[in-house]
Number of protein chains: 2
Amino acid sequence: MKPETRTRELISRLARLDAAGSWEGDLNPTQRAALNYLAHANRFSRSPSHVSSYLGTTRGTTSQSLKSLLLKGYVEEKRSTQDKRVVRYDLTNKGWNISHSTTPLEDVLASLAKDEIAVLQDALTTSLQTALAQNGNQEFGICRTCIHHKPRIKGAYCTLLETELSTPETDQICAEQVRA
Amino acid sequence: MKPETRTRELISRLARLDAAGSWEGDLNPTQRAALNYLAHANRFSRSPSHVSSYLGTTRGTTSQSLKSLLLKGYVEEKRSTQDKRVVRYDLTNKGWNISHSTTPLEDVLASLAKDEIAVLQDALTTSLQTALAQNGNQEFGICRTCIHHKPRIKGAYCTLLETELSTPETDQICAEQVRA
DNA sequence: TTGCAATAGTTTCGAGTCGCTACTAATAGT
DNA sequence: ACTATTAGTAGCGACTCGAAACTATTGCAA
């Protein structure tokens, strides 16, 4: 079998195993994925559109998943006052608690050698970036690594959103991020 | 973010992208995964039970997926004469044709450097083996690497199934495989 | 300013996955 | 012969997913 075929199969099987084994609490894999995204995204990137773009599904599907998360009390809705169309979803305490728990796959990955996981992460990152670029998708990288990111003495400044950012925020996922 | 968390996220996103982009023909991701398995599994490992064990779903779900594949003409049913309970699914010509097509993710992986994909494959293989071992799942490795595999001048002999195997068959997936 | 296009989000529909339980048929063990 | 086990299927309810239709809001431009 060609190495790329074999590797694709490995990725698919690992993801499948992970999804099956991560029915933590009353969250299914998709809901868990959405929650994970919301836990790491900055305050400008937590709308249904952003979630659906990140997960690669339609807005309709995402709308339902978020509604389910809302109903179960893992997130809360914040409607914007500037643009009355947009909604932002923030994690509740219950949401934060569950988002910290690790999945079986993470435990396995944690048992790899330090250099092994570093190399794995690099190769996967490269692959993901290439794949995303080919589809014209956004990368959803971390603020700190963006061309619009200008470091300040405390925190940073975003030249795109024209906003001051706190230090923890520069480590969050931003939907607008463009690699420097 | 911890490297194992980041890596898990990468695997999950790549798999999601791959699944979304591989709606080749009229096959959805699960049906495609089942077809891929059948394309690489040997003649002793192509029953609904084996497919469900490989994909990590229940037999009920697999039964439906296979029924769908059958209906669409990608596979055909062969009922065993020895054990009248078991069914074997073989790919039709239509099935072989589609199983040879590559997915977008494969194309991306193929563009990686040779040593990079080798290292990637190794790390993923190790992770998968560990994860499967923890769940008590079968590994579904290749015949040739099994403790029951005894090479012959032409092909091989399996001491578990007590059967002669042709050379191509020793490169196929076997549900009974146990790493030597 | 008015009007139209674009955008954010929701709703609904049909097909399909998935876990679960219950079921039939065939085989294996005692 | 009786029972337990195994292979496969059927039906149920919850959910995902893509697609299309829909509302509300905003942006743009004549």
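Reminder, nothing fancy here: chain letters follow the sequence lines and each chain counts from 1.
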Distances under 3.5 Å between nitrogen or oxygen atoms of protein and nucleotides 13-16 of chain C:
{"unit_1": "dG16(C)", "atom_1": "O3'", "unit_2": "Asn28(B)", "atom_2": "ND2", "d": "2.7"}

Please determine if Glu169(B) and Arg43(B) form a salt bridge, counting it only when a charged side-chain N lies under 4.0 Å from a carboxylate O. yes
Looking at every heavy atom in both Tyr37(A) and Ile173(A), which two are closest together, and how far apart are they? CE1-CG2, 3.9 Å
Side-chain donor-acceptor contact under 3.5 Å, Tyr89(A) with Glu77(A): yes
Taking everything shown except Lys94(A) itself, do over 12 heavy atoms lie less than 6.0 Å from its NZ? yes
Whole-Å gap separating P (dT17(C)) and CG (Leu35(B)): 13 Å
CG of Leu55(B) versus C1' of dG19(C): gap in Å, rounded? 15 Å
Please evaluate residues Asn97(B) and Tyr74(B) with respect to the criterion side-chain contact (heavy atoms from CB on, under 4.5 Å), reporting the C-alpha separation (whole Å), side-chain torsions for both, the decisive distance (0.1 Å), and the verdict. CA-CA 9 Å; Asn97(B) 283 339; Tyr74(B) 290 103; over 6 Å; no
Distance-only side-chain donor-acceptor flag, Ser45(A) / Glu176(A), under 3.5 Å: no
Looking just at side-chain N and O atoms, do His50(A) and Ser53(A) make a donor-acceptor pair shorter than 3.5 Å? no
On DNA chain D, check which nucleotide each of Thr81(A) and Thr57(A) is closest to and give me the residue with the more 5' one. Thr57(A)
Rounded to the nearest 0.5 Å, how far apart are NZ of Lys154(B) and OG1 of Thr167(B)? 7.5 Å
Counting only side-chain N and O atoms of Arg16(B), is one of them less than 4.0 Å from OP1 or OP2 of dC17(D)? yes
At under 4.0 Å between heavy atoms, how does the protein contact nucleotides 3-10 of chain D? Give one character per nucleotide, 5' to 3', with B, S or -. ---BBBBS
